[in-house]
There are 2 protein chains.
Amino acid sequence: MNDLCLTNTLRLLQSADQIKARLSGDFASVHGLSVNEVFLLLHLEQAPLHRLSRVELAKRMHVSASTVTRMAAPLEKIGVVARQTDERDARLAFVVLTESGLEKVHEARVTFTKQAGYVFRDRWTQEDLEQLSGLLHRLIADAPGNLT
Amino acid sequence: MNDLCLTNTLRLLQSADQIKARLSGDFASVHGLSVNEVFLLLHLEQAPLHRLSRVELAKRMHVSASTVTRMAAPLEKIGVVARQTDERDARLAFVVLTESGLEKVHEARVTFTKQAGYVFRDRWTQEDLEQLSGLLHRLIADAPGNLT
DNA sequence: GCAATGTACTTGCATATGCAAGCAATATGC
DNA sequence: GCATATTGCTTGCATATGCAAGTACATTGC
């Protein structure tokens, strides 16, 4: 039982590393973005008003606040996100998706979908996929920022 | 169908990030190792003669060769791995697990198993776990260096 | 046998990231 | 209301990592 938990955890992490390695090449060449940058944009896309505070982004991406600060800077420079302050709380500095950023994330989603298709290309039935989807959902259902 | 592939890929990557974040704290405090270092040791543990060349390690870990070179250095310094050359091919520089390294990896496996138990702690039946195990296995079955 | 090519590893440089400290604004206790 | 604590963000420093170039060795083609 516990060994099965270990097996599953190892397989999950190894699968993720493998998939991430495949994705990173594509995003870099097609969109000039890293996998993590695409995830940041996806989080903003699904957020109300297409914006999130930096700490909220950090929590959802499982990175530190400083990482979000530093990831946002170049994304601002290329115009896909902007900085927005809150009227009530001057500490808050939202990261908000721009029009251009919304386009970018739609393009990235196409690439992502295509690559995701390759990952499961062989011998995966609709039923298999739904089964996996359901099981994985249980791992992230309670966490904030589920992108699915 | 393709959307299901995307959903699964997103969920897989998000689950992995979440789990990795949980693990990293534990390995650091309990063993003084990073998650990636533990994976390196696990790869060596399961390899014939408990050793692998640096490029082989790089492939299995989905990192660059230079990363392996640099990861091995501090691990050598603390004595858990050693460098070993090949008689036939002087280019090869194996990373080999020492006795101390073997102990370390057994300890780390205990921690890993415990944390893996927490990940699946609630409402996961034996059958659920076996189902997930089987599905994830198909994602990494063909890749070299499956740790399970 | 030797030149050309390929492979294994290392290193310099650039980027990415976490932690701890610092700063500014808000919230809390009294 | 004011001192203290907390929160959100940024920055300095250390570590981690990839890419490209360099080095040493092996393999191939002739």
Side-chain angles (χ1 to χ4, degrees), chain A residues 16-18 20-29 31-41 47 51-78 81-96 144, chain B residues 16-18 20-29 31-41 47 51-78 81-96 144:
Chain A
D17 278 347
Q18 183 179 290
K20 207 179 277 187
R22 291 181 59 159
L23 285 176
S24 62
D26 249 41
F27 284 136
S29 58
H31 308 292
L33 297 173
S34 72
V35 176
N36 273 358
E37 286 173 330
V38 171
F39 268 89
L40 190 153
L41 299 182
R51 69 178 202 179
L52 288 169
S53 77
R54 281 140 207 271
V55 291
E56 188 55 37
L57 256 176
K59 276 180 203 156
R60 298 187 182 197
M61 298 182 68
H62 302 288
V63 299
S64 69
S66 50
T67 296
V68 174
T69 291
R70 283 162 172 141
M71 285 183 73
L75 292 175
E76 263 186 58
K77 192 153 289 180
I78 64 173
V81 306
R83 167 184 289 253
Q84 206 174 70
T85 55
D86 187 306
E87 300 177 352
R88 319 276 184 86
D89 190 337
R91 291 171 304 180
L92 290 175
F94 291 108
V95 184
V96 55
Chain B
D17 278 346
Q18 183 179 291
K20 206 180 276 184
R22 291 181 60 158
L23 285 174
S24 61
D26 250 41
F27 284 137
S29 59
H31 308 291
L33 297 172
S34 71
V35 176
N36 273 359
E37 284 173 329
V38 171
F39 268 89
L40 190 152
L41 298 182
R51 68 177 202 180
L52 287 170
S53 77
R54 281 140 206 272
V55 291
E56 187 57 34
L57 256 177
K59 277 179 203 157
R60 297 188 183 199
M61 299 181 67
H62 302 291
V63 298
S64 69
S66 49
T67 296
V68 173
T69 291
R70 284 163 172 141
M71 286 182 74
L75 293 175
E76 263 185 58
K77 191 154 289 180
I78 64 173
V81 307
R83 168 183 290 251
Q84 206 175 69
T85 55
D86 187 305
E87 301 176 351
R88 318 278 183 85
D89 190 338
R91 290 171 305 179
L92 290 176
F94 292 106
V95 183
V96 55

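Numbers restart at 1 for each chain; the letters A, B, ... are given by sequence-line order, proteins then strands. Values reported hereafter were calculated over all heavy atoms of this structure, with side chains retained and with hydrogens, waters and symmetry mates removed.
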Practice item. Take B:His31 and B:Glu37 through the test side chain to side chain contact (heavy atoms under 4.5 Å, CB included) and record every step on the way to the result. Key: CA-CA 10 Å; B:His31 308 291; B:Glu37 284 173 329; over 6 Å; no
**Study point:** Evaluation steps, salt bridge (Lys or Arg N to Asp or Glu O under 4.0 Å), between A:Asp89 and A:Arg91
**Key:** CA-CA 5 Å; A:Asp89 190 337; A:Arg91 291 171 304 180; 2.8 Å; yes
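Rounded to whole Å, the distance from CZ on B:Arg91 to C1' on C:dA8 is 6 Å. Atom CZ of A:Arg88 and atom C1' of C:dA27 are 16 Å apart (whole Å). Summarising the geometry, the separation between CZ on B:Arg54 and P on C:dT11 is reported as 10 Å, rounded to the nearest angstrom. Computed from coordinates, the B:Glu56 CD to C:dC9 P distance equals 10 Å when rounded to whole Å. The nearest whole Å value for the distance from the CE atom in A:Met61 to the C1' atom in C:dT17 is 12 Å. At whole-Å resolution of the value, CD in B:Glu37 and P in D:dA16 are 7 Å apart. Distance CG (B:Leu57) to C1' (C:dA8): 13 Å, rounded to an integer number of Å. A:Lys77 places its NZ atom 11 Å from the P atom of C:dT15, with the value rounded to the nearest Å.
At the heavy-atom level, A:Ser34 lies nowhere under 4.0 Å from the strands shown. Nucleic acid contact for B:Val68: none, since no nucleic acid atom lies under 4.0 Å from a heavy atom of the residue.
Put simply, the side chain of A:Leu33 reaches to within 4.5 Å of the side chain of A:Leu41, judged on heavy atoms. Counting heavy atoms from C-beta outward, B:Asp17 and A:Lys20 have side chains that approach closer than 4.5 Å.
Remark: the B:Ser66 side chain and the C:dC9 base include no donor-acceptor N/O pair separated by less than 3.5 Å.
Taking only side-chain atoms of A:Leu92, from C-beta outward, the nucleotide of D:dT6, D:dC9, C:dG12 with the closest atom is D:dC9. Closest to the side chain of A:Arg70, from the set D:dC19, D:dA26, C:dT17, is C:dT17. With distances taken from any side-chain atom of A:Thr69 to the nucleotides D:dT17, C:dT11, D:dC9, the minimum falls on D:dC9.
Summary of the strand contacts: A:His62 and A:Asp89 both lie near DNA chain C, and taking for each the nucleotide with the nearest heavy atom, the more 5' one is attributed to A:His62.
If you take CG on B:Leu52 and CZ on B:Arg54, they are separated by 11.0 Å, rounding to the nearest 0.5 Å.
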